Amino acid sequence: MADFNISVFGGAVSAPSDDTRLLDVLDRALAASPATVPATARWTTDRSTMWCHVRPEGGGCPAQGWKLHVSATPASAEEVLGRALTVLLAAGSMFKFAATHDHVAAINARNTSRGHSGKFITVYPVNDHEAVRLAAELDAATAGLPGPRILSDRPYVPGSLVHYRYGAFVEERRITNDGFYAWMILDPDGRPVEDKRVGSYTPPPWAVCPFPDHGMAGTGRRTDGTESRNEILIGTRFSVREAIRHTNKGGVYRATDTETGEPVVLKEARPHVAADEHGRDARDPLRAEARALEAVERLGVAPRPVRLFTQSGHLFLAEELIPGTSLRQWTADVIGEAGLGPHLPAALAMAGRLTELMIKAHGAGVVLRDFNPNNIMVRPDGAPILIDLELAVVPTATEPAPLRAGTPGYAAPEQMDGAAPDPSADRFSLGATLCHLITGGPPYLLDEFPEPRPVSERLAEWLAVRVRDLDLPAALPALVLGLMADDPADRWTAERARTALTRLTPGAARPPDAPRDLAELSERAADGIVDHLLATMDLAAPETLWPASCVHGAPDPCSLQHGAAGVLGALVRCYEQTSDPRLPDVVARAARWILDRLDDGTARPAGLYFGTAGAAWAVLDTGLALGDRDLVDGALAVADRLPTSLPGPDITHGTSGLGLTALHLWARTGRDEYVERAVAAADALTAGVEARGGRLSWSTPAQHESKLAGRRYYGYAHGVAGVGHFLAACARATDRDDYRALAVTVAENLLDEATGTERSASWGAGPGDAPTAPYWCHGAAGIGGFLARLGAWTGDARFVRAAERAARSVLDHRWRATLGQCHGLAGNGDFLLDLAALTGDDRHRDAAWRLAEIILSGRAYRDGTVVFPDEFGQVSTTWGDGMGGVLAFLLRLRHGTSRLWAADRPESASGSGPAAAVGSGRAS
């Protein structure tokens with residue numbers, strides 16, 4: 001699970017739902033606007049979740065053009081809006097503004113997308129002349145007020161709150177070839193092109209700028225505060241070599257101190273970003289870090305501060321560059337080299353050094369408040385060093401620290417609830433960091449309500465599950481749980497932890513709690529997931545059937561991977577296995593919701609996981625499970641419109657996924673045209689194969705609009721393993737030796753590319769890449785699934801042995817604690833169940849239960865339902881990284897069903913030939 005940081009100044013995470021201060025400003029302005037001005041005589045307002053839209057009655061809005069944005073902070077928003085309304089209500093152009101102070105804070109947050117940040121007011125001028133006039137008047141009206149620079153736009157004049165860019169005015173979106181919505185504009189020839197919203201001013205080349213220069217055009221103004229693309233010095237002293245990262249709050253750069261020749265890290269804080277209603281912004285934490293570095297400078301526990309300075313309003317902190325790697329990566333490297341368990345001597349030695357580090361910081365009076373593996377560097381000599389001390393509090397601090405701040409999984413509960421800074425919260429973070437050292441993952445626990453279990457109870461189970469088969473010193477779990485006690489007053493001191501670490505003796509630890517009945521727990525968890533899915537499904541929602549995360553962008557709401565089809569497939573499987581009486585009506589209505597959108601004229605890609613094929617598959621299975629002829633006919637009508645091949649070759653987006661869908665449709669319906677479609681897909685792949693470096697290869701054409709264009713992969717989702725799986729399945733269905741031979745050659749190539757030991761096998765994402773984590777998407781779980789099937793179908797023991805080595809890799813990397821199908825334990829567990837079914841070896845089923853135990857320890861109870869975190873620490877219902885995929889794995893584990901979306905166990909609707917042909921020697 002990715003670590004991330006939440007920081008909110010002023011103590012409140014969100015404004016109350018009845019915050020009407022900005023709406024009140026609009027109401028007062030409308031009431032006071034002179035009726036003698038025709039354009040202001042009648043306005044209509046419309047409040048959405050985030051925005052208040054204001055439209056002149058009878059006024060029009062172009063589809064695209066030069067739009068204006070006005071920035072503000074939560075502290076200045078009311079005055080900025082009030083002044084802007086004196087201009088806007090006297091004009092005739094539509095506009096919108098963020099409706100609450102909470103939403104103003106959200107669009108200015110430190111980690112908000114750089115292409116979307118800062119846009120408090122958006123104005124849609126009726127023409128270019130009006131755009132220029134309004135920009136000038138808005139600039140004059142808001143001059144002198146604070147607000148952040150809008151990175152996607154150009155300021156009207158240097159330092160102005162008013163910005164402009166060319167883009168879409170109305171919601172003209174299309175779904176890209178990768179399965180996500182993109183905003184579109186038309187070029188002069190009427191062709192749609194993407195309206196890209198990125199962190200720099202990039203107007204389309206054919207858009208003529210109507211605004212006066214005002215010294216802005218051609219300056220190449222950079223987001224680090226310098227004015228020229230040719231500028232290499234910051235602060236007249238620091239020569240920037242490269243950017244380490246860019247976020248909305250500012251960049252982090254590797255630089256050289258030209259006065260000393262020493263390498264430094266240069267950290268930037270943009271003015272007015274992450275601002276609160278008291279005027280504090282992203283610059284304040286950087287000042288706090290500078291104070292903290294000064295407080296511990298003589299202790300050698302943190303980088304040496306070099307200089308804190310301002311340039312072009314941006315605050316910069318230059319500090320010593322610490323060589324080495326993050327503790328997070330150090331732990332992964334140690335486990336990867338020694339293995340989980342054998343890594344413990346190194347981990348425990350590091351635990352002692354980390355404890356000493358905290359003791360020294362506390363001795364200097366510093367409360368760290370964000371002690372976690374991402375904020376600790378490990379030098380080449382093994383010494384840990386504190387970095388990123390932006391949340392630290394020192395004795396000399398005069399202003400209040402940001403509350404409700406920290407890194408989930410590592411910050412103490414009371415700290416995230418807004419408690420005052422206290423060393424006891426750091427000790428909780430030390431315990432969580434020791435958990436990471438021991439188990440390879442953070443103890444991330446989602447909030448529970450209305451009656452949360454004690455954190456200590458949940459941590460005890462979480463830790464017991466992960467250390468069950470490790471040879472831990474017997475006292476170690478008690479040490480960790482002592483540091484992370486519920487009551488801050490009960491937490492062990494760092495000195496007590498240091499003493500306990502020096503006294504640890506070898507010997508297997510007894511788990512803090514006796515193991516539960518996993519079968520019963522998994523069944524209750526699956527029931528709780530279903531409860532959550534039923535409670536959160538909204539058939540009236542125009543956009544998404546289940547609440548959608550925007551982490552990946554805006555996905556096709558019907559798709560298998562991130563939309564409704566994947567969740568529907570899991571619920572249909574649940575109904576088939578449990579006969580839950582609530583489900584028939586629910587899944588039927590969900591299937592109709594999908595069909596309605598598949599028939600609404602929206603152009604969608606055709607792929608299995610990111611397009612129409614997967615949606616048709618899910619609706620067909622729903623119709624067959626319910627005996628609903630209308631749903632079956634609707635699904636087949638959609639399927640009949642699918643092409644037989646696509647530019648990409650892969651399972652998720654391309655031809656292999658179409659072919660696998662065709663085999664499934666043939667097996668379920670007995671209609672020969674579907675096997676003919678599968679053959680056409682296989683023929684297209686056969687014709688498109690390339691030999692590169694003695695290996696067979698397929699790739700998406702470089703000119704195709706896709707993130708996969710020109711790339712070559714080994715894995716199942718996007719690479720040759722998925723292609724090989726489809727070719728082998730098609731060979732089984734048609735008895736075509738040429739497809740079988742091609743699949744065998746693919747498998748032999750993969751054997752040649754495997755790395756690892758005689759015991760385990762791993763693969764890189766593609767040629768020349770280092771081994772990846774063993775997941776379904778790119779790694780050993782997906783590749784092993786193909787090899788296992790091919791070995792069972794052909795009788796070639798080489799492929800089965802390689803699959804079993806892949807299974808060993810999956811188990812060795814169980815500490816990679818994400819839970820989903822694509823990059824997590826559910827997908828890995830499904831591979832182990834594949835292997836158990838194909839080989840008859842129950843060891844693999846037992847290993848799948850071991851992964852299920854880890855998944856189940858991450859559950860949380862909310863209003864009588866069960867939820868699990870996705871890889872970003874959010875609650876997601878989707879198939880790829882959310883609870884849809886977890887549910888399907890738990891059901892399969894309990895009921896012995898076939899794997900979804902693999903066409904492993906097709907059943908003919910008529911019980912005739914095709915199902916028998918494809919099903920002979922079936923996998924499960």
Side-chain angles (χ1 to χ4, degrees), residues 1 331-332 334-348 350-351 431-432 434-444 458-481 504-522 525 756-762 773-775 780-781 784 804-819 824-833 835-836 841-859 889-890 893:
M1 180 182 308
T331 304
V334 168
I335 296 176
E337 181 176 343
L340 187 62
H343 84 293
L344 281 171
L348 293 179
M350 180 59 71
L434 298 189
C435 282
H436 185 102
L437 279 174
I438 296 164
T439 70
Y444 188 84
R458 300 175 67 190
L459 282 170
E461 179 186 350
W462 184 95
L463 187 60
V465 164
R466 281 159 177 77
V467 306
R468 192 172 308 289
D469 42 11
L470 303 184
D471 188 20
L472 283 185
L476 187 55
L479 184 160
V480 170
L481 294 172
L504 291 177
T505 56
R510 180 178 180 180
D513 289 319
R516 294 175 177 238
D517 183 335
L518 279 180
E520 178 186 352
L521 183 57
S522 68
T757 66
E758 292 184 1
R759 182 171 171 268
S760 66
S762 299
Y775 295 147
E804 290 180 328
R805 290 172 61 210
R808 185 68 257 172
S809 182
V810 163
L811 286 178
D812 288 346
H813 289 79
R814 64 190 180 278
W815 53 276
R816 297 179 185 268
T818 54
L819 309 184
L825 299 180
N828 288 5
D830 261 327
F831 160 55
L832 295 172
L833 293 178
L835 200 51
D841 190 337
D842 284 341
R843 291 179 304 159
H844 302 305
R845 187 173 298 280
D846 293 341
W849 275 107
R850 179 72 180 93
L851 299 191
E853 183 182 34
I854 297 173
I855 291 173
L856 292 168
S857 71
R859 72 195 182 281
F889 168 59
L890 294 178
L893 194 63

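Keep in mind that what you see is a predicted model, and the values were worked out from it rather than measured.
- Taking Glu520 as the reference, Arg524 meet the salt bridge (charged side-chain N to carboxylate O under 4.0 Å, His left out) condition, with sequence neighbours excluded.
- Here the side chain of His343 pairs a donor or acceptor atom with the backbone of Leu437 at under 3.5 angstrom.
- Here the side chains of Arg814 and Ile854 are in contact, with some heavy-atom distance below 4.5 Å.
- Side-chain contact check for Phe889 versus Ile855: some heavy-atom pair is nearer than 4.5 Å.
- Closest of all the heavy-atom pairs between Leu481 and Ala460 is CD2-N, 3.9 Å.
- Side-chain contact between Arg845 and Leu832: absent, with no pair of heavy atoms (C-beta onward) separated by less than 4.5 Å.
- Nearest heavy atoms, Gly431 versus Val480: O-CG1, 3.8 Å.
- When all heavy atoms are compared, the tightest approach of Asp812 to Ser760 is OD2-CB, 4.2 Å.
- Counting only heavy atoms from C-beta outward, the side chains of Leu890 and Leu856 approach each other to under 4.5 Å.
- The minimum heavy-atom distance linking Tyr775 with Asn828 is given by the pair CA-OD1, 3.6 Å.
- Of the residues Arg466, Arg458, Glu461, the one that meets the side chain to side chain donor-acceptor pair (under 3.5 Å) test with Ser857 is Arg466.
- Looking at Asp830 and Leu893, their side chains never come closer than 4.5 Å, going by heavy atoms from C-beta outward.
- Between Arg759 and Glu804 there is no salt bridge, since none of the side-chain N atoms of the basic residue sits less than 4.0 Å from a carboxylate O of the acidic one.
- Look at Asp846 and Arg850 and you find no salt bridge, because none of the NZ, NE, NH1 or NH2 atoms lies under 4.0 Å from a carboxylate O.
- Atom NE2 of His436 and atom CD1 of Ile438 lie 11.0 Å apart (nearest 0.5 Å).
- Two residues are said to be in side-chain contact when any heavy atoms from C-beta on lie closer than 4.5 Å; Leu479 and Leu434 meet this criterion.
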- Could you check Trp815 against Leu340 for side-chain contact (heavy atoms from CB on, under 4.5 Å), going step by step and ending with a plain yes or no? CA-CA 8 Å; Trp815 53 276; Leu340 187 62; 3.9 Å; yes
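- With respect to Arg805 and Glu758, no salt bridge is recorded, no charged nitrogen being found less than 4.0 Å from a carboxylate O.
- Taking each heavy atom of Leu851 and Gly829 in turn, the nearest pair found is CD1-N, 3.7 Å.
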- Query: Taking it one step at a time, do Thr439 and Leu463 satisfy side-chain contact (heavy atoms from CB on, under 4.5 Å)?
  - Reply: CA-CA 8 Å; Thr439 70; Leu463 187 60; 4.2 Å; yes
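- Rounded to the nearest 0.5 Å, atoms CE (Met350) and CG (Leu344) are 14.0 Å apart.
- Remark: Cys435 SG to Tyr444 OH distance equals 15.5 Å, nearest 0.5 Å.
- Nearest approach of Ala781 to Pro774, heavy atoms of both residues: CB-O, 3.4 Å.
- His813 is not listed as a side-chain neighbour of Ile335, based on a closest heavy-atom distance of 4.5 Å or more.
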